[in-house]
Amino acid sequence: GSVLEAAVFGLDPYSQYSFCVEAVNGAGSVSSPWVEVMTLEASPTGLGNFTVEQREEGRALLLSWDEPHAPNGVIRMYNLYSEGNLEFSGLTRSFLFRRLEPWTVYSLTLEACTKAGCAHTPLQHITTAAAPPASQLPPRPLSVGSDHVSFTWDPPSQPNGPIGKYSLLGRSLEERRRLGINKEDIDGAKVLFTETSPQQAESLSYTVTGLRPWTQYEFRVCTHNTAGHTCSPWVTVTTRQAPPRGLASPTVRHVQDRPSEVVVSWAPPLEPNGVLQSYRIHRNNVSFSFSFDPTVLTYTDEDLQPFSTYSYSVTACTSEGCITSPQTNITTLEAPPVMVEAPTVDAITSDHVNISWVKPLMQNGEVTEYVLKMNNKEAYRGRGLNTALSDLQPHTSYQLVLLACTRGGCTTSNTRTVVTEEAPPTHLAAPTLKVTGPESVEITWRPPNHPNGIITGYELCRDGEVIYVGTDTHYHDFTLQPSMEYSYVVRANNSRGTVSSEVATAKSHPSAPSGVGLPTLTSLEATQ
């Protein structure tokens, strides 16, 4: 009863209260009028967490919040802190928090202030949404071979979310240009490798095989997360050189009318696999001592043997090795034979000879025929190696020449001279008689038309009696009887026999009688 003041606790800040005082004694009570009083402001309480909406592919957050359950006064300011940095200050209860990094955890605190003080929410960790990855560096070649390239690559500097897959893409630069594809397009590229469960912070590697040597390829890495993907720039890699492939056998052709030459030509390999440095020709598996510039694709090989088989192959080389083509076989053209020997003659008679010959030492082809000429006239034509000639003239010189012929021409042997044996003479004409007086006749004659040998002598017979033996072809016969008829025959002799002429007759001139004896008288009559 003696206390005239009281402190009331447990009130809400910034709230309207009505107070009255009731005085009580033993007789009763009395109340004072009501007095209105407003409690002072205090720091707010019951400040809730943000409501978060993802915006701009993880690069912004739309933050909104409700008033505190107990403002405890007039809210004069809302403050938003990120990692202790003031990002927003105002009375609106929403804020678009921008310039954020995707897939990043941000620690946010909301502060609500009254005149009396401020209240903070607990630290709220918010992760921005994933966005397509960014800043993926191209793959780095670790080693380059002729048919493979080994790559390694690191995760993108801005994964912007959990990486779900890596893809390694590749394409041929030549093919891209042929198809008219822009470099930045991925058309024509093939997926060479896919990693679907990568470790988030580890680099990856892969070896691409099955490539063509000395070829430009483009490669890139594409990185995928839940929001999308990004691809690195293309990196161009040229595979190393390798030995060529696809070298066809050379083409070998004849040179007209030149049996000792052939023309060898070849085409570049289907797959050079590098910069061709040289070509080299092999003949019969023996390499030429010289090589050819890669621009040379033909060569004329000389000094070959006619009608001989040769094999040719070509070797093409790059800095990394060589390839040799299959062989091409060719038989050189036929040529006239070489060293045709003169024919051999045996069994010689007066009208017949046997002739034989041998094949040329160097035929230079297939001998199609032999031609035997006798005194420049064809006596035999055929493929045999001998013949017999008959109906020859006795004791006659014959010039024999043999021609051996191939499809490439004919070659003539040296001349062989043969003389037939002698035979008895024939066709001896009757002698010519010239009466030179009553007692003499001049006889002349000619050699036989066919002496058939060497005439060793003549015999002149008068009336069957040999009156002359010698080599002359005339004789003067004396001591004849006048007015007498005489017959003459000439015989010609050689080593093989004799021939007699026809009989020639002549009558000596008459003359005065001589040696007339006395007449014999016989009386016949008186008057006779």
| message | Less than 4.0 angstrom from a charged side-chain N to a carboxylate O is my criterion; do R416 and E341 meet it? | response | no

| task | Give a yes or no on this: more than 12 heavy atoms of other residues, nucleotides or ligands lie within 6.0 Å of atom NE2 of H427. | result | no

Rounded to the nearest 0.5 angstrom, the CD-CZ distance for E175 and R171 is 9.5 Å

Considering only heavy atoms from C-beta outward, does the side chain of V208 approach that of F193 to under 4.5 Å? no

Notebook entry, point to check: Are the charged groups of D147 and R212 less than 4.0 angstrom apart, N to O?
Noted result: no

Here the pair of heavy atoms bringing Y279 nearest to P269 is OH-CD, 3.7 Å

Exactly one candidate in V367, V340, L385 meets side-chain contact (heavy atoms from CB on, under 4.5 Å) with K359; the answer is L385

Tell me yes or no: between the side chains of S483 and H509, is some donor less than 3.5 Å from an acceptor? no

Derivation of the side chain to side chain contact (heavy atoms under 4.5 Å, CB included) call for L389 and I355: CA-CA 8 Å; L389 301 181; I355 302 173; 3.4 Å; yes

What one should report as the nearest heavy-atom pair of V503 and S487 is CG1-CB, 3.6 Å

Report task. Check whether more than 12 heavy atoms from other residues, nucleotides or ligands sit under 6.0 Å from atom CD of Q399, and answer yes or no. Result -> yes

Here the pair of heavy atoms bringing A342 nearest to N414 is CB-O, 3.4 Å

Next on the checklist: Does E422 form a side chain to side chain contact (heavy atoms under 4.5 Å, CB included) with I454? I'd like the steps, not just the answer.
Outcome noted: CA-CA 8 Å; E422 296 186 1; I454 298 174; 3.8 Å; yes

Next item on the list: Please report the C-alpha distance between V466 and Y468 in whole Å, then the side-chain angles of each, then the deciding distance to 0.1 Å, and finally whether the side chain to side chain contact (heavy atoms under 4.5 Å, CB included) criterion is met.
Entry: CA-CA 6 Å; V466 177; Y468 170 77; 5.9 Å; no

- Query: Below 6.0 angstrom between ring centroids: does that apply to W153 and F219?
  - Reply: no

* Asked: Between K507 and E485, does at least one N-O distance fall below 4.0 Å, as a salt bridge requires?
  -> no

Contacts of Y488 meeting ring-ring contact (aromatic ring centres under 6.0 Å, His included) (sequence neighbours excluded), chain-then-number -> none

_If only side-chain N and O atoms count, and only distance matters, is there a donor-acceptor pair under 3.5 Å linking N284 with H282?_
no

Between K165 and E195, does any side-chain N to carboxylate O distance fall below 4.0 Å? no

*asked:* In this structure, is the centre-to-centre distance between the rings of W266 and F292 below 6.0 Å?
replied: yes

Open item on the list: Do the side chains of R383 and E369 get close enough for a salt bridge, i.e. N-O under 4.0 angstrom?
Closed with: no

Discussion item. As a quick check of understanding, evaluate ring-ring contact (aromatic ring centres under 6.0 Å, His included) for Y206 and F151, giving each step before the final call.
Written reply: CA-CA 5 Å; Y206 180 72; F151 288 103; 8.8 Å; no

Discussion item. Strictly below 4.0 Å, N to O, side chains only: are R496 and E421 in salt-bridge contact?
Written reply: yes

Would you say T456 and N494 are linked by a side-chain donor-acceptor pair, where the criterion is simply a distance under 3.5 Å?
no

- Item | Donor-acceptor under 3.5 Å (T420 side chain, T396 main chain) | yes

So OG1 of T444 and NE2 of H474: to nearest 0.5 Å the spacing works out to 9.0 Å

Notebook entry, point to check: Can you check whether G384's main-chain N or O pairs, donor with acceptor, with W357's side chain at less than 3.5 Å?
Noted result: yes

Checklist line | Check: Q481 main-chain N/O paired with S508 side-chain donor or acceptor under 3.5 Å | finding: yes

Determine, step by step, whether V441 and I443 satisfy the side chain to side chain contact (heavy atoms under 4.5 Å, CB included) criterion, reporting the C-alpha distance in whole Å, the side-chain angles of both residues, the deciding distance to 0.1 Å, and the verdict. CA-CA 6 Å; V441 174; I443 306 100; 4.2 Å; yes

All heavy atoms of R446 vs all of L428, minimum pair found to be O-CD1, 3.3 Å

Exercise for the section: Could you tell me whether the side chain of T239 and the main chain of G145 form a donor-acceptor pair under 3.5 Å? Expected result: no

inquiry  = If we ignore hydrogens and angles and just use 3.5 Å, is the side chain of E439 paired with the main-chain N or O of T479 as donor and acceptor?
reply    = no

Heavy atoms of P156 and Q136 approach each other most closely as CD-OE1, 3.0 Å

Whether the T309 and T331 side chains hold a donor-acceptor pair (N or O, under 3.5 Å, no angle test) is what I'd like checked. yes

Open item on the list: Quick check against the 3.5 Å criterion: does N225 have a side-chain atom that pairs as donor or acceptor with the backbone of N160?
Closed with: yes

- Task: Report the relative orientation of the aromatic rings in F288 and Y299; use parallel for angles under 30°, tilted for 30 to 60°, perpendicular for over 60°.
- Result: perpendicular

May I ask you to check whether Q393 and N452 show a side-chain donor-acceptor distance below 3.5 Å?
no

**Message:** Looking at R176 and E218, is any side-chain nitrogen of the basic one under 4.0 Å from a carboxylate oxygen of the acidic one?
**Reply:** yes

Got a donor-acceptor contact below 3.5 angstrom from the S311 side chain to the N329 backbone? no

Q. Just by distance, with hydrogens left out, do T207 and S150 show a side-chain donor and acceptor under 3.5 Å apart?
A. yes

